[in-house]
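Presented below is the structure to which this report refers.
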There are 2 protein chains.
Amino acid sequence: MKMTIKDIAKLAGVSTTTVSKVMNGKDESISDATKDRIKKIMKENNYTPSVVARSLVTKRTNTIGLIIPDIRNPFFPELARGAEDMASKAGYTIIFCNADNNLSKEDEYLKVLSEKMVDGIIIAVSSKREDQFEKITETSMPIILVDRDIDIDMKCIKGRVITDNFKGACIGVEHMISNGMEKILFISGPLTNKASFERLEGYKSALENHNIDFDQDLLLEGEFNENWGYEAAAIAIEKNLDFDGVFCGNDLIAIGAIKSFKGKGIRIPQDISIVGFDDIYVSSMIEPELTTIRQPKYEMGYRAVEMLIDILEGKKAEQKRLVLQPDIVIRESVKKK
Amino acid sequence: MKMTIKDIAKLAGVSTTTVSKVMNGKDESISDATKDRIKKIMKENNYTPSVVARSLVTKRTNTIGLIIPDIRNPFFPELARGAEDMASKAGYTIIFCNADNNLSKEDEYLKVLSEKMVDGIIIAVSSKREDQFEKITETSMPIILVDRDIDIDMKCIKGRVITDNFKGACIGVEHMISNGMEKILFISGPLTNKASFERLEGYKSALENHNIDFDQDLLLEGEFNENWGYEAAAIAIEKNLDFDGVFCGNDLIAIGAIKSFKGKGIRIPQDISIVGFDDIYVSSMIEPELTTIRQPKYEMGYRAVEMLIDILEGKKAEQKRLVLQPDIVIRESVKKK
DNA sequence: TTGAAAGCGCTAACAG
DNA sequence: CTGTTAGCGCTTTCAA
């Protein structure tokens, strides 16, 4: 049978209060003698306190909920790891949930996490979420939005951690321009998606900075996956579009596009240069290795948890919006000038 | 302030006992009238019970700990997802922990999970773990080993879910042999690793089945990563080894090897055929797409949790060993006969 | 068909 | 320096 605080107290000949105090380091007022005795007994009996009993009284579980679309999406393992690292460093534990971009699953998880009394939640919301977090409003667990931002204002949303998509796209396109490309095709993800939209703005801005007119024909909109990249590249060729560089909405698109181009005998980067977005781990494994805009995925998870914990422990103000800066990872898919 | 069972009881004009009963479906003996009234009030007030209070009395948290080396390792997202899916289906929640193949981190997590009173643990143990799970023995949380097996026998280890490495290697090597290869290089991971060792045995067995002598020179031992694959391929060429196929300890090795060969002008699969192991996400994205032995990663996670829950709910016997069958995914890296 | 009472393992005033 | 007491929100006999 598992030991309880009572057992330890009895063995040490003290009250549970005393044991509780030394256990929690609130032992300024306890004599070294009893302190040591209690510690010794706890160790000998391999005693571990029940955090559920503790939580019942303290109202803190030292547990954080992490809701993401799907851990199999190559974007999220890094983020999850960053979150877990920070959490574990601060003595928290993470419950992880895959909601598949599905609103009702998200709501369901929100409910479960609330029942489990997590201290707070980090969530990469479904792109479909435009409404409020109905079920959760009143319980007021603090929530930090990560990766995906939405334009809703609720008291329970205590912060956001996102990356600067506009800037990232700018950097990527500028990189191609500075290497001599002038006609840059943009194979975009869905433009209803905020991130996509911002990347498009960044793309336009970079062009503008170099006095290149935006050409609507060079914008192809589709999904954030390899198939779309493959298809879009085929369309571009079929339509006989005139371009020397391709900026892709994300790495998956870039990977599909590269495959498509190579299949048609077009060489990367000799004939066409390509830049991706995200820097998922595959990107360095394909051929040519992909030049891409790196999102600080690990850091996003890390910072989000840090922000949450700061709020939980009353160290920081709320409603912060942290915009992380992407950077470019130069590999082999852009022809050097 | 959050509602408690007392508040609901008061509003409904009944005792907490009654509320508790209808909440938990133990309501055979409650009149429909009060049942409905209570349910209505719970809904109206958006009441969610505190599972920590409940856990304190029931001794069940409906929470499972999942300890893996690193979610960023492409092997684990699938496994984790499988675990989470099964857990969530059964009304459990998963706390996830990255232990980095580090014994003391593992022990630390084991301790934390025990304090949090998880109902059981799924763990892909560190390859370094040969001793017992010291810290955990007596608390006797049920543990299921997944992916990595170890030869220790403890009462707390209630089951194992692994894949048949021997068989997998056999299938892979046979596939090459049946396509005409006769001299097959094996670029292995560390042979101290049990999985590696079993794959080597499978490799040998396949050769033997076809009356091909095992040639010690065709065995190269290193690490389970891309760099080693790259390096090993270079070594093989430098040493002027005579081979027409390469069986790799895992996909990462295969990816490195392919890159290395291609860099030296050797064509895959025209000049040399290659087979990997695992079927990680990247494998279908590289060029040529990798023919490989698929481990049922998702299923491993899924089955492990299923097994654990069966044990927790007293449905099944213990100490089971579930060996999942790998299969071959034929893509482009083996030359057709 | 319902409720009173005890207790899960711990923390937190407060008193001594 | 240490202990008494009450209580966190729930479940569970047992009695009514």
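Chain letters run A, B, ... following the sequence lines, proteins first and then strands; every chain starts at 1. Hydrogens, waters and symmetry mates play no part in the numbers below; they use all other heavy atoms, side chains included. Everything numeric in this text was worked out from a predicted model, so none of it was measured.
Between the CZ atom of Arg60(A) and the C1' atom of dC10(C) there is a distance of 16 Å, given to the nearest Å. Counting to the nearest Å, the P atom of dC10(C) and the CE atom of Met42(A) are 11 Å from each other.
In this structure, Tyr47(B) reaches the dC10(D) phosphate: one of its side-chain N or O atoms is under 4.0 Å from OP1 or OP2. Using a 4.0 Å cut-off, no side-chain N or O of Ser31(A) falls inside it from OP1 or OP2 of dC1(D).
Taking the ring-ring contact (aromatic ring centres under 6.0 Å, His included) definition, one finds that Phe96(A) meets it with Phe96(B), sequence neighbours left out.
Out of dG9(C), dT1(C), dT11(D), the shortest distance to the side chain of Leu56(B) is found at dG9(C). The side chain of Ser29(B) has dT1(C) as its nearest neighbour among dT1(C), dT11(D), dG9(D).
Contact annotation for Val14(A): backbone-only contact, meaning every heavy-atom pair under 4.0 Å involves sugar-phosphate atoms and none involves a base. Within the nucleic acid shown, Ser55(B) has no heavy atom closer than 4.0 Å to any nucleic acid atom.
For Ala99(B) against Glu106(B), the heavy-atom pair with the smallest separation is CB-CG, 3.6 Å.
In this structure, Arg160(A) pairs ionically with Asp149(A), as a charged nitrogen and a carboxylate oxygen lie closer than 4.0 Å. Checked for salt-bridge contact, Glu108(A) and Lys105(A) miss the test: no charged N lies under 4.0 Å from a carboxylate O.
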Taking only nitrogen or oxygen atoms into account, show me every contact under 3.5 Å that the protein makes with nucleotides 12-16 of chain C, one pair per line with its distance.
from, atom 1, to, atom 2, distance (Å)
dA12(C), OP2, Lys26(A), NZ, 2.9
dA12(C), N6, Thr17(A), OG1, 3.0

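Taking five base pairs at each end of the helix from dT1(C)-dA16(D) to dG16(C)-dC1(D), the local helix axes there meet at an angle of 40°, rounded to 10°.
With hydrogens and angles left out, the side-chain atoms of Ser15(A) and Thr18(A) include a donor and acceptor closer than 3.5 Å.
Of the residues near DNA chain D, Thr4(B) and Ile30(A), the one whose nearest nucleotide (by heavy atom distance) lies more toward the 5' end is Ile30(A).
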